[in-house]
Protein chains: 2
Amino acid sequence: MMKDNMIKIFKALSSEQRLNIYMMLYEWQMSSNTEDSSFRSFEEGMEKCFTKACCCMDLSKSTISHHFKELENAGLITCTRNGQSFNCKVNMETVEEIRNFLK
Amino acid sequence: MMKDNMIKIFKALSSEQRLNIYMMLYEWQMSSNTEDSSFRSFEEGMEKCFTKACCCMDLSKSTISHHFKELENAGLITCTRNGQSFNCKVNMETVEEIRNFLK
DNA sequence: ATAATGGTTCGATGGTTGTAGAACAATCAA
DNA sequence: TTGATTGTTCTACAACCATCGAACCATTAT
């Protein structure tokens with residue numbers, strides 16, 4: 001993993017709000033994997049995570065949109081449009097690369 | 001590990017210069033462990049790392065001092081005064097805690 | 001005592017970032 | 001078609017941050 005990427009990643013996780021979003025996504029993803037989600041493949045990712053995030057957090061839509069883009073740009077999550085909203089999934093490979101970077 | 005600590009840590013590592021310093025310290029520490037350092041205990045840490053950092057980086061002393069403090073404040077390194085200069089060591093426990101935070 | 005060395009602290013400054021709101025675009029429902 | 005829902009983009013602003021130089025403090029050497 002290039003150093004510049006690591007900087008982007010650390011920067012993305014260094015904002016309280018972004019870390020909140022990331023942790024929420026992480027936990028939603030974990031729990032949705034054990035719940036009844038047999039109709040939805042893992043690849044599709046969590047549904048309506050933007051909307052859910054907006055409900056949980058006291059921030060404007062534009063700000064939350066901005067934060068999602070930062071997380072995506074850092075490679076921490078991947079978002080795929082699905083009609084009006086989008087689905088989103090945490091990139092476990094990136095998490096693993098951070099762990100490796102830290103020896 | 002508290003979330004607030006993680007934010008501090010990520011913030012500390014999200015600056016290019018600070019990440020440079022941290023990586024230098026890390027590598028100095030690793031190499032000094034395998035070299036002839038039989039007279040110096042591990043606990044004492046790397047000697048004159050501030051001076052060494054000043055030589056390697058094109059930044060003013062005050063800026064480098066500031067960055068060292070940020071790394072120390074985040075718990076990533078520990079500095080102990082030794083006369084005029086100080087010794088410094090990377091906190092491996094903190095690295096391990098980041099790895100654990102990332103599942 | 002005086003000077004030199006190694007870091008720290010302070011104040012200023014320019015750049016970056018987090019945030020909101022308004023206007024917009026795209027999709028869906030009636 | 002019209003209106004509602006979901007999210008994006010733009011502009012603006014305040015807060016924060018990286019950086020420097022100067023003045024400073026503490027330790028060591030002369």
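The sequence lines fix the lettering, A, B, ..., with proteins before strands; numbering per chain opens at 1. Values below: all heavy atoms of this structure, side chains included; hydrogens, waters and symmetry mates excluded.
- Per the geometry, NE2 belonging to B/His67 stands 16 Å off P belonging to C/dG7, to the nearest Å.
- Minimum heavy-atom separation, B/Arg18 to B/Lys11: NH2-O, 3.1 Å.
- The nearest whole Å value for the distance from the CE atom in A/Met57 to the C1' atom in C/dG18 is 12 Å.
- The separation between B/Asn20 atom CG and D/dA18 atom P is 13 Å, rounded to whole Å.
- When the shell of 6.0 Å around NZ of B/Lys52 is examined, it contains more than 12 heavy atoms from other residues, nucleotides or ligands.
- One atom, CD of B/Glu70, and another, P of C/dT9, lie 13 Å apart when rounded to the nearest Å.
- What separates CZ of A/Phe10 from P of C/dT17 is a distance of 17 Å, to the nearest Å.
- Counting heavy-atom neighbours within 6.0 Å of B/Asn100 CG, excluding the residue itself, gives a total above 12.
- The CG atom of A/Leu76 sits 11.0 Å away from atom CD of A/Glu93, with the distance rounded to the nearest 0.5 Å.
- The line from NZ of B/Lys3 to CG of A/Leu19 is 6.5 Å long, rounded to the nearest 0.5 Å.
- Rounding to whole angstrom units, CD of residue B/Glu16 and P of D/dC17 are separated by 18 Å.
- Scanning for ring pair (Phe, Tyr, Trp, His ring centres under 6.0 Å) contacts around B/Phe68 gives B/Phe50, B/Phe86, with sequence neighbours left out.
- Residue B/Gln17 has a polar side-chain atom (N or O) positioned under 4.0 Å from OP1 or OP2 of D/dT19.
- Contact annotation: B/Arg18 side-chain N/O to D/dC17 OP1/OP2 distance is not under 4.0 Å.
- Rounded to an integer number of Å, the gap from A/Leu71 CG to C/dG18 P is 11 Å.
- The distance between atom CG of B/Asn82 and atom P of C/dT5, rounded to the nearest whole Å, is 19 Å.
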Could you run down nucleotides 2-16 of chain D 5' to 3' and tag each one B, S or - for protein heavy-atom contact under 4.0 Å?
---BSBBB-------
